[in-house]
Each structure stands twice: as structure tokens, then as C-alpha cells.
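Structure, as C-alpha cells:
Every chain is numbered from 1 and lettered A, B, ... according to where its sequence line falls, protein lines coming before strand lines.
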Amino acid sequence: MINITLPDNSVRQYPVGTTSLEVALSISEGLARNVLAAKVNGEVRDATRPINSDARLQLLTWNDTEGKATMWHSSAHLMAEAIELLFPGVKFGIGPDIENGFYYDMDFGDRQMTPEDLPAIEAKMLELAREKQGFKRREVSKALALDFFTKKNDEYKLELIKDLEDGQITFYESGSFTDLCRGPHLPDTSPIKAVKLLNIAGAYWRGDEKRKMLTRIYGITFPKQKELDEYLVLLEEAKKRDHRKLGRELELFTFSQKVGQGLPLWLPKGAMLRERLERFLKNLQQKAGYLPVMTPHIGNVELYKTSGHFQKYGKDSFQPINTPIEGEQFMLKPMNCPHHCEIFSSKPRSYKDLPVRLAEFGTVYRYEQSGELHGLTRVRGFTQDDAHIFCRPDQLKDEFKSVIDIVLHIFRILNFQEYTAQVSLRDPANTEKYIGSDENWEKAERAIMEAAEEKGLKTIVEIGEAAFYGPKLDFMVKDALGRKWQLGTIQVDYNLPERFELDYTGSDNQKHRPVMIHRAPFGSMERFVAVLLEHGGGNFPLWLTPDQVTILSISEKYVDYANKVAGLLRNAEIRALVDERNEKTGKKIRDAEILKIPYMLIVGEKEEQSGTVSVRKHGQGDLGSMSIEEFIALINNEIKQMMEMVNG
RNA sequence: GCCGAUGUAGCUCAGCUGGUAGAGCAGCUGAUUUGUAAUCAGCUGGUCGGGGGUUCGAGUCCCUCCAUCGGCUCCA
């Protein structure tokens, strides 16, 4: 007999070789029906595999991330089986589960797959799933594995097998399909009740752009049709919130083929919105001791040779421009930091002067491959809310904490309630890849970890993800639809102070090298506005929104009064418009609702006579009438509350 | 950059197997003077992404370039 410890720490005894599924069955039949996989001593395995010694067991269902992953991985096999039946001769690459669903990379030979092919595959998958096909695990020798896929003429699997060690190779068989696979898999296909193949895309074999492009089909499956329907609604909602669509509808920004791809044009409403965001951050930075600087959009090539950017990115950049007579070469600036380094070294610095915090909303230009460009999130010209902190090593931790404060303040004010921080450290097995002394690295990594912990950040640590010049802390937020975005970043840099030979005089009257911190709480204005748009679905906080109030006159007779109200609001620094159009009130309301203007003031005979306004709130409806003064107080209070909520 | 799809009026879209471009909204003009999500009528607006080709004739077929979208690769 063996002892099985369940998550509630209860211990049950079973014969040697009992499977997780049998354990589930001994608890309840319902549970057994829902088991997708099992975690045995922390390892996710097939629920049908026997357990041969004492173990901790967690049964995984659809409610567990690993349960979903197992189901989606099995769904990838199911799709492969369906495709092999429908299109014999297809060769298979890899087919893993992903965050939302799964994909399989396949070589269809000369056949071109189109979205029209997908419904037939979906139907076949459902048909096979209903057969309740089991997933049979089989350990095979390398020779047998090679033989199998040689006969099948699948060079991709053969390549994968060649990299595997004999004795560690397993096959999984489900229905007519046999795949090289580590597993784990579902007990059988019956939980797969709803299937949707989402799209077809090209993907390089093994992610290598020099190798063949395979056809990748993405899909997702669910145990209930209703869950699939809900997921599809979510996708629809995401489409509605696409910042590219909202940006056009709300007249925030546009693109022009003539100006060039990846070069956003900010329209008046978007430009003013951006200015408000900048002012907001500038105020925070001023309080935190940052000093504004301004630097030009181009810099001599020598600057970037000193910084090392030219050697590393020069060939992939916009090419340098030349002066006609002297033949000097200038680059569009891809980074602000080299300029800021030169500002730091513009005069001697004492240890008493540090930290020096230089801030600039600096516009940079980077060549991005044409296929990479995407709305405002991936562009060729963008403005970083950049700052560089030059400090002593012993100041690193406090500076980090102060930057974290700014980032968290922004998240709270802008209503990003879910966020995580990723700490990227160097790979200790590979220290020669990195610049800077071991001592400095250890100090910096410790400073980041401690700063994050003292600020109570939820962090994930990634070993080996650091930049070659220093460790970093990146912030990810989840938006209202649960999608993750990477925003702000804080990076330690030992490289540039070295390359620019920056120094300060210490209390010992010796020269010392400062540490540099790059930080951008928004990341870039473009990306941040995009995320803000998708997060709020086009609705902005009252203090930020382009137009706060629109005044709707019931008829032309009241346009004068509407303009008078607008004047009073503008005097109170409220952004107000007047809809003077000769339209019915219902139409004006409809249009204002579509434009997501937070407040609508309806004015007609009653209001003019009593000096009041009828207030309607976006998305809520009629709030009744009040005096203009009361309305101004209402707005100011709302904004004040938004700000105080987080200051307090 | 790579694979695939798409590109028709400011926006959303129709246009069958080639026969000479159409709707709704927006805009303009007029009528109406409107009370909490679309008043009515008329009008303007398109070298059908650019270029080349096939054809008596191309939005429609072919080639090529550009842009956009979905991915891949990349992202200081």
C-alpha cells in the first residue's frame, strides 16, 4: 500500500500502482469525470499513470491552469489527428498549449490552407472527441522513434528526436494519431466539447527566420459550449476596444501613408490628452527631485559609437544622415541616454550632488521591420517619458524605491488595479556575457529585490533575462479584459557610465564611477495611450478625457445660453463644447454618448429661465437639473476625489 | 524582413461567372425649432491602394510595388 497525501493534507492509502484517476474515483465519481490531469509531487502527469510510491497528489481540473493547459495540449493532438485524416501526408512540427488555447505548426506541402478549411477541421475534431479516444503513453527507444518518423517521412519530428536522449522518448497515441510527445494528456478526449480554430499564420520552423515557414493553426477548446461563446464575446469586446479603431473614432491620432508607416500623427484631442499625461508625470517628477533637460533629435555618429549603440544596432537603424560640406554623420536619436550622459559630464560632480536625475520626454526613432508595426504600440518614432538617474551604488535602493512609488502612483490614478513586476537578473552560469563587476551586479540585484519587497510588489524573478549592462524591473499591467501589457521599466546600467567615463569626486577626494538608472514609468507615450484606450474602452478618467462636457441646446433658440454656460465652465477650467447643430436632442445625446463625453448638459427654456443645467452622465443617464455653480462643484469634486483617493 | 489574407467615398460595407461604380452614416443646402441614444428632403463626394499587362472592354483576370490585418522573427 502507498500513502497519498491530498491538498487538504488528508492521507489515504491505496494499492501500489493506483492511478490518479482511480484516486479521484474513490473520492467521487463527479470529481473523476472532471479530472484532466494530476500533479504528483509537484509534477504534472497523466491522470491515468500509476503511482508507485507515497506521494502528494493534486487532481487538476478545468479550474486549474495546468488542467486547462493539459486539455489544450491534448486538443492540439486532436486537431493534428483531424488534419491528418482530412489532409493525408501533412508533416507536423510542434503543437503546444499556450496561454489561451493551443497551436500546431504543420507543413502542408503545396497546399495552401485558408480560413475556409477550418470549419471542416473543427467538425472533424468534435466528431473524434465524441469517440472518447484515450491518450496512450508509450516509452520508445530512439531507434524505434527514428524508424517510425522515417517511415512517416516527417523530417521535423526526426529533427526533434535527434536532439533527444535515448530512454527519454515517449509517444502518445490517440485514435489514429501517434505523436512524439512528452505529455501529459487528458485521460480521454471527452472533455473537449467546444472547438474553435481561430486563425492561420506562418511561423518559422523552430522560430528561426532562416528556416522554412510552416503553417500554424491556432485554436481553443472548452468543456462547455457556453464557455466558448463567452470567450468569443470577449474577443469581440477586445476588437471593439482596439486602440486603432478608438483612436480614429475619438479623433486622437491617425497615420498617413505619405508621412510614412509607423509614424503616428497626433490630432488635437490626442495631443492635448498627451500633454495632460505629461504634465501629470512632470508634476510627480518635480516633487521627486528630477531636473528637466532637453536634447536634440539627432546626434553625431561618434556619440553612438561611444555608447555602443552604433555597433550593436547601427546596421538595423535608420541610416546616418550627412552634412553636405563637412560630411559629418548624424543619426536620428534611438535613445536619449547618450545625450543625458553628456549632460552629466558637462561639469564636475561631487558625491554631494548625487543623485542627479535628468528627465526628458524625448522622442526617439528606431527602425522596426515593416511587418512589426502595429498601431501605437509598435512604431518607428515615439516619445519616451525618459529619465536617467546618476547615483552612488549605496543610493541605488532608495532611488529604485522612489521610482517604484511613481509607477505605483500612476497605476492607482489610472485605475490599473492588477499589475506584477518582473525582476530580470543575470544568468549566474554565464557571467562573462555581462559587463560590470560581480560585486556591482550582486549589489544591484540585491537592491532591486529589496526595493521591490519593501514596496510590497508582487514580483516574478526571471534568471538570465537581464540586459547585458544591468538587471532590471519591468511592470506588467492587466487591463479591464484581463490582457497583459508591459509598461514601465527601471533598469540599472553599468555600461554607459563606463563608456562615457562618467565620474564624481567622492568624500575621499578620489574619482568614482556613478551607477545609472534608466527609467520610464509609462514606457512610451504612444504605447501608454494605446493601453489606456484599450483598458478603458475609450473612456478616460474625467481629468484626462479630451472633452469633459458637451452642452446640448434643445433648439437654436438656446444656443446663446449654451455658449454662456460653456464660457462659465471654461472660466472654471472645465473643457466644454457646445453642440449647436440643428438636431433633435435625442440625436445630440446619442452622438455625445458615442463620443464617450462624460457629461452632457441639456439646456432649453426651463434652464435658461432658471439659470440651471440639466445634467446627464455618460453611461448612466439623467442626473436632474442643478445650477451652473453646483455643476462646476460636482466636476471639481469628482476630479479632486480621483486625485485624493491615491494621495491619502 | 518572412508566410498568408485584405485594400471600392471621411467611416462601415455591397458590387454574380469581365460590359463602364452603389448603400447607410458623416459632410453640405433647405425645411423643421425639437426635452434624455438616430426629424425629413435634396445635393456633393470615388483615376475602385499605385504602376504595368491581357482583352473590343478590367473594380472584377495576370504581374509588380505600396499599405493594412493575423502571426513568425526582431525590439537599445
Side-chain angles (χ1 to χ4, degrees), chain A residues 98 103 105 107-108 112-116 198-218 239 242 244-245 248-249 251 254-262 304 307-314 316-317 333-338 364-375 377-380 382 384 386 467-469 472 486 489 491 493 495-496 518 520 524 527 552-559 581-595 600-607 614-625:
Chain A
I98 51 176
Y103 66 78
D105 283 346
D107 184 348
F108 283 85
Q112 185 60 58
M113 294 304 281
T114 70
E116 286 74 50
L198 296 159
N199 51 42
I200 302 177
Y204 300 113
W205 168 233
R206 305 199 113 179
D208 184 344
E209 60 181 319
K210 291 181 190 69
R211 307 198 61 180
K212 191 166 178 185
M213 176 85 51
L214 303 180
T215 302
R216 174 175 295 181
I217 300 183
Y218 285 91
K239 224 185 259 176
D242 190 318
R244 293 165 296 186
K245 179 173 140 74
R248 183 172 54 236
E249 287 169 2
E251 297 184 7
T254 188
F255 289 90
S256 150
Q257 247 185 74
K258 272 197 190 120
V259 172
Q261 60 175 170
Y304 304 105
S307 72
H309 291 118
F310 185 76
Q311 294 83 326
K312 200 159 164 55
Y313 297 102
D316 304 318
S317 292
K333 83 171 162 188
M335 293 284 281
N336 300 300
C337 31
V364 297
Y365 299 89
R366 296 178 185 174
Y367 168 74
E368 303 284 359
Q369 300 186 109
S370 56
E372 271 314 320
L373 301 169
H374 181 91
T377 59
R378 193 81 185 266
V379 287
R380 285 178 169 171
F382 58 97
Q384 296 177 311
D386 212 355
F468 73 93
Y469 49 77
K472 59 180 181 174
Q486 207 224 295
T489 178
Q491 308 186 0
D493 188 346
N495 181 42
L496 285 185
H518 307 249
S524 82
R527 192 177 165 77
L552 317 178
S553 54
I554 295 283
S555 82
E556 280 175 351
K557 286 187 244 166
Y558 313 107
V559 166
R581 292 176 306 163
N582 185 6
E583 292 287 353
K584 295 182 83 164
T585 313
K587 168 73 168 164
K588 292 185 182 184
I589 287 171
R590 180 182 152 80
D591 289 347
E593 290 281 355
I594 289 170
L595 287 172
M600 288 150 269
L601 300 184
I602 293 124
V603 296
E605 190 178 359
K606 272 186 293 184
E607 288 77 12
S614 225
V615 182
R616 181 189 164 98
K617 193 164 186 177
H618 167 64
Q620 289 182 23
D622 198 352
L623 299 187
S625 67

Distance between the P atoms of B:G10 and B:A26, in whole angstroms? 16 Å
Could you tell me whether A:Arg616 and A:Asp622 make a salt bridge, using a distance below 4.0 angstrom between a side-chain N and a carboxylate O? no
Kindly indicate whether the side chain of A:Glu607 and the base of B:G35 share any N or O donor-acceptor pair separated by less than 3.5 Å? yes
Provide the distance between the two P atoms, one in B:G49 and one in B:A67, to the nearest whole Å. 16 Å
Return whichever of A:Gly619 or A:Arg248 has its heavy-atom-nearest nucleotide of RNA chain B closer to the 5' end. A:Arg248
Between A:Met213 and A:Ala203, what is the shortest heavy-atom contact and its length? SD-N, 3.1 Å
Distance between the C1' atoms of B:A38 and B:C61, in whole angstroms? 42 Å
For B:C72, does OP1 or OP2 lie under 4.0 Å from any side-chain N or O of A:Tyr218? yes
Reading RNA chain B from 5' onward, which residue's closest nucleotide shows up sooner: A:Arg616 or A:Gln112? A:Gln112
Applying a 4.0 Å non-hydrogen cut-off, can you work out what A:Gly604 is touching in the nucleic acid: base, sugar-phosphate, or nothing? base
Taking only the side-chain heavy atoms of A:Lys557 (C-beta and beyond), determine which of B:U33, B:G70, B:G35 contains the nearest atom. B:U33
Rounded C1' spacing from B:G30 to B:U68 in Å: 40 Å
Of the listed nucleotides (B:U33, B:A37, B:G35), which one gets closest to any side-chain atom of A:Arg590? B:A37
Is any N or O donor-acceptor pair between the side chain of A:Tyr558 and the base of B:G35 shorter than 3.5 Å? no
A:Arg206/A:Asp208 salt bridge by N-O under 4.0 Å criterion: no
Taking the C1' atom of each, how far is B:C25 from B:A9, in whole Å? 12 Å
Would you measure the distance from the P atom in B:A58 across to the matching atom in B:C74 and give it in whole Å? 46 Å
Just by distance, with hydrogens left out, do A:Ser614 and A:Lys606 show a side-chain donor and acceptor under 3.5 Å apart? no
Evaluate side chain to side chain donor-acceptor pair (under 3.5 Å) for A:Gln491 paired with A:Tyr469, printing each intermediate quantity in order. CA-CA 9 Å; A:Gln491 308 186 0; A:Tyr469 49 77; 2.5 Å; yes
Suppose you measure atom P in B:G22 against the same atom in B:G45; what distance do you get, rounded to whole Å? 13 Å
Selected nucleotide, minimal atom distance to A:Gln257 side chain, candidates B:U33, B:U39, B:A67: B:A67
Could you check whether A:Ser614 gets within reach of a base, just the sugar-phosphate, or nothing at all, counting any heavy atom under 4.0 Å? base
Among B:A76, B:C72, B:G35, which nucleotide has an atom closest to any side-chain atom of A:Tyr204? B:C72
Taking only the side-chain nitrogens and oxygens of A:Arg206, find out if one of them lies under 4.0 Å from OP1 or OP2 of B:C72. no
A:Tyr313 ring over B:A76 six-membered base ring, under 5.5 Å and 30°: yes
For A:Lys588, which contact category applies under a 4.0 Å heavy-atom criterion: base, sugar-phosphate, or nothing? nothing
Quick note, A:Thr585 side chain, CB onward, closest among B:G70, B:G35, B:C74 is B:G35
In terms of side-chain heavy atoms of A:Arg244, which of B:A76, B:C74, B:G70 is nearest? B:G70
Span that lies between the P atom of B:G59 and that of B:A21, in whole angstrom: 9 Å
Should A:Gln261 be listed as having a side-chain N or O under 4.0 Å from OP1 or OP2 of B:U68? yes
